[in-house]
Amino acid sequence: MTKSIHASFSSGTNAEIEQPYTAVNKDLFPDRYSAWKDSVWQSIKHMGRPLSYQQTFDFTWKLPLNKLPLFDWLTADFAYNGTYNWTRGTDLEDGSTMGNNISNSSSKTYNARLNLETLYNHVPWQPPPRRKRNRKTSRRRYSSRPTPRSPFSTTRKARSFASPPCAPTARAIPSATRW
């Protein structure tokens with residue numbers, strides 16, 4: 001049962017490394033450079049400031065209905081997909097933000113397939129031509145039987161004649177009666 005269950009999860013984020021807007025000249029401004037360097041390393045340690053985040057979850061399950069002898073003609077499966085997205089909003093000059101965008105979605109899919117040939121093979125009163133047969137058995141069993149003909153059939157067997165009834169023969173015929 002667990003061999004027919006599959007699940008996957010994936011997520012990702014985009015982030016920016018924040019740095020102060022100051023001159024970055026190690027020789028001219030060693031104090032500013034030291035502050036810039038500390039700020040960049042702090043941002044790296046905190047994995048930056050997130051810009052967006054996405055996650056996806058997929059789940060599929062093939063129902064084991066065909067393991068039951070009564071339902072071996074039926075296969076069914078179920079699939080679920082869910083997504084979640086977050087995007088950081090715009091920062092204004094006064095330090096406030098316009099808000100973040102969040103979206104999510106999910107979908108469920110149900111599929112069922114019916115193998116009617118297998119179902120028909122379970123029916124005991126069904127005529128033999130629809131049942132599956134072994135090739136060797138079917139040739140032996142059915143090849144020597146004459147095909148049943150209806151008395152109302154309009155198709156007739158073509159007759160062949162050895163020679164036409166008026167065919168000339170090899171004996172000599174008098175010239176007056178020649179063909």
Side-chain angles (χ1 to χ4, degrees), residues 1-19 39-92 95-161:
M1 184 164 154
T2 59
K3 289 182 181 180
S4 62
I5 295 175
H6 300 283
S8 68
F9 177 79
S10 64
S11 67
T13 187
N14 295 327
E16 68 178 346
I17 303 298
E18 294 180 310
Q19 55 182 327
S39 175
V40 168
W41 279 112
Q42 283 296 333
S43 184
I44 291 173
K45 287 178 185 175
H46 291 102
M47 304 299 284
R49 184 174 175 199
L51 298 173
S52 65
Y53 174 76
Q54 309 86 25
Q55 75 179 23
T56 303
F57 176 72
D58 293 313
F59 175 82
T60 58
W61 181 30
K62 185 176 178 183
L63 299 170
L65 293 175
N66 58 354
K67 304 295 183 197
L68 301 170
L70 183 63
F71 295 115
D72 65 345
W73 54 276
L74 178 65
T75 58
D77 56 55
F78 168 74
Y80 172 80
N81 176 297
T83 61
Y84 172 80
N85 295 312
W86 173 86
T87 305
R88 186 177 77 188
T90 305
D91 292 332
L92 300 176
S96 62
T97 62
M98 291 293 289
N100 301 325
N101 295 323
I102 296 176
S103 64
N104 62 356
S105 65
S106 68
S107 66
K108 296 174 188 143
T109 307
Y110 303 93
N111 290 320
R113 287 174 292 286
L114 310 174
N115 187 343
L116 295 179
E117 184 177 346
T118 308
L119 175 63
Y120 293 154
N121 286 334
H122 286 296
V123 178
W125 59 85
Q126 183 175 340
R130 289 192 181 197
R131 291 190 178 259
K132 285 189 175 180
R133 295 183 299 268
N134 187 353
R135 287 186 179 186
K136 293 178 184 177
T137 309
S138 108
R139 283 185 196 144
R140 247 184 288 130
R141 188 180 303 154
Y142 296 104
S143 64
S144 63
R145 285 188 186 175
T147 56
R149 275 189 23 194
S150 167
F152 305 107
S153 174
T154 58
T155 59
R156 301 241 176 208
K157 207 177 202 182
R159 294 183 183 181
S160 62
F161 297 101

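For the numbers below, each heavy atom of this structure counts, side chains included, while hydrogens, waters and symmetry mates do not. Here, residue 1 is the first one in the sequence, and each next residue gets the next number.
Shortest non-hydrogen contact noted between F59 and A7 is CD1-CB, 4.1 Å. Heavy-atom minimum distance, S11 versus Y53: CB-OH, 3.6 Å. Shortest non-hydrogen contact noted between T13 and S52 is OG1-O, 2.8 Å. The two residues S43 and I17 have their closest heavy-atom pair at OG-CA, 3.5 Å.
In this structure, I5 CD1 and K3 NZ are separated by 13.0 Å, a value rounded to the nearest 0.5 Å. Taking OG1 of T75 as the reference point, atom CG of L63 lies at 9.5 Å (rounded to 0.5 Å). In this structure, the separation between NZ on K67 and CG on D72 is 11.0 Å, given to the nearest 0.5 Å.
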Next on the checklist: Pair L114, L74 - check side chain to side chain contact (heavy atoms under 4.5 Å, CB included), show working.
Outcome noted: CA-CA 5 Å; L114 310 174; L74 178 65; 3.1 Å; yes

Next on the checklist: Walk me through whether R113 and D77 qualify under side chain to side chain contact (heavy atoms under 4.5 Å, CB included).
Outcome noted: CA-CA 9 Å; R113 287 174 292 286; D77 56 55; 3.1 Å; yes

Item to check | Residue pair F57, Y84: steps toward the side chain to side chain contact (heavy atoms under 4.5 Å, CB included) verdict | outcome: CA-CA 9 Å; F57 176 72; Y84 172 80; over 6 Å; no

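Side-chain N or O atoms of S4 include one that pairs as donor or acceptor with a backbone N or O of K62 at under 3.5 Å.
In this model, no donor atom of one side chain and acceptor atom of the other lie less than 3.5 Å apart for T56 and Q54.
Using the six-membered ring where Trp is involved, W73 and F71 have ring planes that are tilted, between 30° and 60° apart.
Screening residues 96-109 for side-chain hydrogen bond (donor to acceptor under 3.5 Å, both in side chains) gives T83-S105, D94-S96 as the qualifying pairs, with residues at least two apart or on separate chains.
For Q42, there are no side-chain hydrogen bond (donor to acceptor under 3.5 Å, both in side chains) partners, not counting sequence neighbours.
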